[in-house]
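Data first, discussion second: the structure below is written as structure tokens.
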Amino acid sequence: MDEGETFQEAVLKLVMQIPKGRVTTYGRIANEVKGSVHAARAVGQALAKNPHPGVIPCHRVVRSDGDIGGYSQGIAKKIELLRAEGIEIEGRKVKKINEVLFQFSSVGRG
DNA sequence: GGGTGGGCTTGTA
DNA sequence: TTACAAGCCCACC
């Protein structure tokens, strides 16, 4: 991440890169920003307090287990947003999470 | 300016 | 499936 950017900024920027119809996990972001999956807690904080709720698709971030986890506006809301993008939701978990999982290190990360 | 607690998590037993 | 422990950042006092 950029030195001039803070942890929160780095997290938000990564989430912004998530394309529609795709989702990622807190651990992935935490690994990209801090390199520690335990930082996922901090990632959630950054998303929960995202200063750009209209630019940061925090609803595209779910748990590593596929569970939606939580949402400041409400889990139900998060589910609707994901379904609106074409992502299937089973109860409180994302179906075929491995297929919609978006990887940051996929390309351009050399 | 310093110390403590909470949160949209993760992994193991 | 449930319960416990670890590490990280922000807000409050």
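Throughout, a chain's letter reflects where its sequence line sits, starting with A, and its residues are numbered from 1.
- Between A:I79 and A:Y71 the shortest side-chain heavy-atom distance does not fall below 4.5 Å.
- Between A:K34 atom NZ and B:dT10 atom C1' the separation is 17 Å, expressed in whole Å.
- Under a 3.5 Å cut-off, the side chain of A:K78 and the backbone N or O of A:V61 do form a donor-acceptor pair.
- Nucleotide B:dC8 has no partner under the Watson-Crick or G-U criteria, as no pair reaches both atom distances under 3.5 Å.
- We find that CG of A:L12 is positioned 14 Å from P of C:dC9, with the value rounded to whole Å.
- Side-chain contact between A:T25 and A:L101 is present, with heavy atoms from C-beta onward closer than 4.5 Å.
- Going from atom CD1 of A:I29 over to atom C1' of C:dC8 covers 14 Å, rounded to whole Å.
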Between protein and nucleic acid, restricted to nucleotides 7-9 of chain B and to nitrogen or oxygen atoms under 3.5 Å apart, what atom pairs and distances do you find?
| unit_1 | atom_1 | unit_2 | atom_2 | d |
| --- | --- | --- | --- | --- |
| B:dG7 | O4' | A:Q45 | NE2 | 3.1 |
| B:dG7 | N9 | A:R41 | NH2 | 3.4 |
| B:dG7 | N7 | A:R41 | NH2 | 2.3 |
| B:dG7 | N2 | A:R41 | O | 3.4 |
| B:dC8 | O4' | A:G70 | O | 3.4 |
| B:dC8 | O2 | A:Y26 | OH | 2.2 |
| B:dC8 | N4 | A:L47 | O | 3.2 |
| B:dT9 | OP1 | A:R63 | NE | 3.3 |
| B:dT9 | OP1 | A:R63 | NH2 | 3.4 |
| B:dT9 | N3 | A:R41 | NH1 | 3.3 |
| B:dT9 | O4 | A:R41 | NH1 | 2.7 |

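- The CZ atom of A:F104 sits 10.5 Å away from the CG atom of A:N31 when rounded to the nearest 0.5 Å.
- Minimum interatomic distance between A:L82 and A:H59 (heavy atoms only, all atoms of both residues): CD2-O, 3.0 Å.
- You'll find the side chain of A:R60 reaches within 4.5 Å of the side chain of A:K20, heavy atoms only.
- Under the Watson-Crick or G-U wobble criterion, with both distances below 3.5 Å, C:dG7 is left unpaired in every strand shown.
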